[in-house]
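Heads up: numbering here begins at 1 and tracks the sequence.
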Amino acid sequence: MINKIEKIRQNIAEFRPKTQADIEEFRVRILGRKGELTELFEEFKTVAPEMKRELGKKMNELKNFAQDTINQLKTDFESQEIECERTDMTRPASADGIGSRHPISLVKNEIFDIFKRIGFTLTDGPEIEDDFHVFSALNFPPEHPARDMQDTFFIEKNPDILLRTHTSSLEVRTMERQKPPIRVICPGRVFRNEAISYRAHCIFHQVEGLYIDENVSFADLKQAILYFAKEMFGEQTQIRLRPSYFPFTEPSAEVDVSCNLCGGKGCPVCKQTGWLEIMGAGMTDPNVLEACGIDSKKYTGFAFGMGVERIAMLKYGVKDLRLYFENDLRFLEQFEAAL
């Protein structure tokens with residue numbers, strides 16, 4: 001009989017009605033004239049005298065528990081009905097805003113898709129890096145003036161731990177764990193201690209690429225970049241390569257695309273030249289290959305790196321990259337259709 005009492009108590013505790021009718025039906029099933037408690041009290045008459053005191057106490061507690069639970073359920077439902085009556089159900093629904101991806105995410109995804117079509121895969125790595133992966137493995141000798149090209153944020157004044165200044169560190173990590181052929185895209189957020197303006201920021205996003213195999217040439221690099229530019233900005237886009245210097249590539253080049261903000265006529269963003277720099281590129285320096293355990297006499301390769309904000313400026317006609325970081329809904333709502 002004790003088991004029956006506990007089972008009924010459990011059923012009462014677990015009861016979850018959906019309507020007032022459910023509560024009334026449950027009340028009749030438990031407390032009605034032919035309900036489970038009534039049957040239990042009939043059975044109680046046959047219990048041995050020495051057990052009646054203990055069982056009687058449990059049955060009275062069960063009856064009170066059932067009554068209190070049912071009363072509370074009724075009260076809860078009545079409160080809900082009153083609240084519904086206070087609500088004007090004929091009032092028009094509020095218009096919920098449609099979300100969208102951030103323009104930086106949109107451009108990153110498009111860059112990924114373009115390079116995936118020609119065989120590149122994605123890789124990832126830490127934002128807090130060490131000197132070897134950010135500088136030393138990339139042909140930056142200690143105290144070399146090239147280290148001053150990027151004003152670095154160091155962690156707790158430790159000269160060996162820093163916030164990465166470029167995603168080239170991901171290329172190093174890839175070369176350490178993977179043998180050629182290597183064809184990867186390395187996206188990520190990077191940090192440089194620079195003054196914030198409409199053309200620069202201390203935090204920005206980069207996408208770098210690395211291709212290493214036998215007989216890779218500068219012509220392969222140029223064709224890959226031209227393919228990217230036309231896919232990203234349109235078939236009419238032109239590129240030009242200007243000689244430059246990077247410690248980790250030789251030869252090196254700055255890559256410009258025709259400015260589609262002004263149609264090549266000149267504007268403040270392109271400094272009246274009709275061209276806008278979008279990336280640096282070059283053939284991977286043999287010293288970098290050797291530092292990562294790759295035979296530079298057998299393999300050659302190229303690398304490139306671009307700022308995502310700069311690409312987004314060109315693609316969407318944005319003339320101030322600070323807008324990407326201000327979370328101004330008036331700006332972000334313009335990209336609702338670009339999901």
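- Atoms CE and CG, on M175 and L210 in that order, are 5.5 Å from each other to the nearest 0.5 Å.
- Within the 3.5 Å criterion, the main-chain N or O of Q67 finds a donor-acceptor partner in the side chain of N71.
- How far CD1 of I70 is from CG of L31: 4.5 Å, rounded to the nearest 0.5 Å.
- Taking a 4.5 Å side-chain heavy-atom cut-off between Ile, Leu, Val, Met, Phe, Trp and Tyr, the cluster of F204 extends to V190.
- The aromatic rings of F135 and H166 sit tilted, their planes meeting at an angle between 30° and 60°.
- Criterion: ILVMFWY side-chain heavy atoms under 4.5 Å apart, direct or through other members. Under it, Y316 and M306 are part of a common hydrophobic cluster.
- In this structure, the ring of F304 has its center less than 6.0 angstrom from the ring center of F115.
- I294 and L170 fall into different hydrophobic clusters, where Ile, Leu, Val, Met, Phe, Trp and Tyr are joined by side-chain heavy atoms under 4.5 Å apart, directly or via other members.
- The line from CD of E127 to CG of L162 is 12.5 Å long, rounded to the nearest 0.5 Å.
- Using a 4.5 Å cut-off on side-chain heavy atoms (C-beta onward), V134 and F140 make no contact.
- Side-chain polar atoms of Q10 and E14 form a donor-acceptor pair below 3.5 angstrom.
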Between R183 and T174, does a side-chain hydrogen bond (donor to acceptor under 3.5 Å, both in side chains) hold up when you go through it step by step? CA-CA 10 Å; R183 192 180 299 187; T174 300; over 6 Å; no

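- Residue V172 comes nearest to A137 through the heavy atom pair CG1-CB, 3.7 Å, listed as atom of the first residue, atom of the second, then distance.
- Residue V28 is not grouped with residue I8 when hydrophobic side chains (ILVMFWY) are merged at heavy-atom distances under 4.5 angstrom, including chains of intermediate members.
- For N64, the CG atom sits in a packed shell: over 12 heavy atoms of surrounding residues, nucleotides or ligands are nearer than 6.0 Å.
- R242 places no side-chain N or O within 3.5 Å of a backbone atom of A253 that could act as its donor or acceptor partner.
- Side-chain contact check for P187 versus T167: every heavy-atom pair is 4.5 Å or farther apart.
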Worked verdict on F153 versus F191 for ring-ring contact (aromatic ring centres under 6.0 Å, His included): CA-CA 7 Å; F153 289 107; F191 311 85; 7.3 Å; no

Checking R101 against N109 for the side-chain contact (heavy atoms from CB on, under 4.5 Å) test, could you report, in this order, the C-alpha distance in whole Å, the side-chain angles of both residues, the deciding distance, and whether it holds? CA-CA 10 Å; R101 292 189 183 275; N109 291 339; 4.2 Å; yes

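- Rounded to the nearest 0.5 Å, atoms OG (S252) and CE (M283) are 10.5 Å apart.
- In this structure, the side chains of I196 and C202 come closer than 4.5 Å at one or more pairs of heavy atoms.
- Side-chain contact between R177 and T123 is present, with heavy atoms from C-beta onward closer than 4.5 Å.
- The CD1 atom of I104 sits 8.5 Å away from the CG atom of L321 when rounded to the nearest 0.5 Å.
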Set out, in order, the CA-CA distance, both residues' side-chain angles and the distance that settles salt bridge (charged side-chain N to carboxylate O under 4.0 Å, His left out) for R310 and E277, then state yes or no. CA-CA 8 Å; R310 184 66 59 85; E277 176 191 326; 5.6 Å; no

Set out, in order, the CA-CA distance, both residues' side-chain angles and the distance that settles side-chain contact (heavy atoms from CB on, under 4.5 Å) for L138 and H133, then state yes or no. CA-CA 7 Å; L138 293 167; H133 289 93; over 6 Å; no

Intermediate values then yes/no, side-chain hydrogen bond (donor to acceptor under 3.5 Å, both in side chains), H205 and E309: CA-CA 7 Å; H205 299 80; E309 283 79 1; 2.7 Å; yes

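- For residues 260-302, every residue pair satisfying the ring-ring contact (aromatic ring centres under 6.0 Å, His included) rule, not counting sequence neighbours, is listed here: Y211-F302.
- Using bins of under 30°, 30° to 60° and over 60° for the plane-to-plane angle, the ring pair F228/F233 lands in the perpendicular bin.
- Listed here is the closest heavy atom pair of G293 and K179: O-NZ, 3.5 Å.
- Ring orientation note: the planes of F331 and F335 are nearly perpendicular, at an angle over 60° on the 30°/60° scale.
- Remark: the R9 side chain and the T69 side chain contain no N/O donor-acceptor pair separated by less than 3.5 Å.
- Using a 4.5 Å heavy-atom threshold, the side chains of T300 and I212 count as separate.
- Remark: the S258 side chain and the Q238 side chain contain no N/O donor-acceptor pair separated by less than 3.5 Å.
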From CA spacing to verdict: side-chain contact (heavy atoms from CB on, under 4.5 Å), L241, E254: CA-CA 6 Å; L241 281 70; E254 299 280 4; over 6 Å; no

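- K230 NZ: more than 12 foreign heavy atoms inside a 6.0 Å radius.
- Transitive grouping of hydrophobic side chains (ILVMFWY, heavy atoms separated by less than 4.5 Å) brings I118 and F112 into a common cluster.
- The shortest heavy-atom contact between N287 and D285 is N-OD1, 2.8 Å.
- In I128, the CD1 atom is not crowded: 12 or fewer heavy atoms of neighbouring residues, nucleotides or ligands sit closer than 6.0 Å.
- With sequence neighbours left out, E110 forms a side chain to side chain contact (heavy atoms under 4.5 Å, CB included) with I114, M232, K315.
- Paired with V207 under the rule side-chain contact (heavy atoms from CB on, under 4.5 Å), one option of V308, V107, I311 passes, and it is V308.
- Note on D295 versus K297: no salt bridge recorded, every NZ/NE/NH1/NH2 to OD/OE distance being 4.0 Å or above.
- Taking each heavy atom of A303 and E171 in turn, the nearest pair found is CB-OE1, 3.8 Å.
- Looking at D68 and Q72, their side chains never bring a donor and an acceptor atom within 3.5 Å of each other.
- The shortest distance between side-chain heavy atoms of Y227 and Q223 does not fall below 4.5 Å.
- Salt bridge E176/R173: absent, no basic N to carboxylate O contact under 4.0 Å.
- Residues D151 and R192 are not paired through a salt bridge, judged by the lack of any N-O separation under 4.0 Å between the basic side chain and the carboxylate.
- Side chains of D131 and S136: a donor on one and an acceptor on the other come within 3.5 Å.
- Pairing each heavy atom of L332 with each of P103, the nearest pair is CD2-CD, 4.0 Å.
- Pairing each heavy atom of G305 with each of E208, the nearest pair is CA-CG, 3.8 Å.
- Looking at heavy atoms from C-beta onward, T165 lies out of side-chain contact with E129 at the 4.5 angstrom threshold.
- If you take CG on D160 and CD1 on I155, they are separated by 11.5 Å, rounding to the nearest 0.5 Å.
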Would you please test Y324 and H201 for side-chain contact (heavy atoms from CB on, under 4.5 Å) and show each step? CA-CA 10 Å; Y324 297 128; H201 206 286; over 6 Å; no

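- Contact of the I278 side chain with the L314 side chain is registered, since non-hydrogen atoms from C-beta on lie closer than 4.5 Å.
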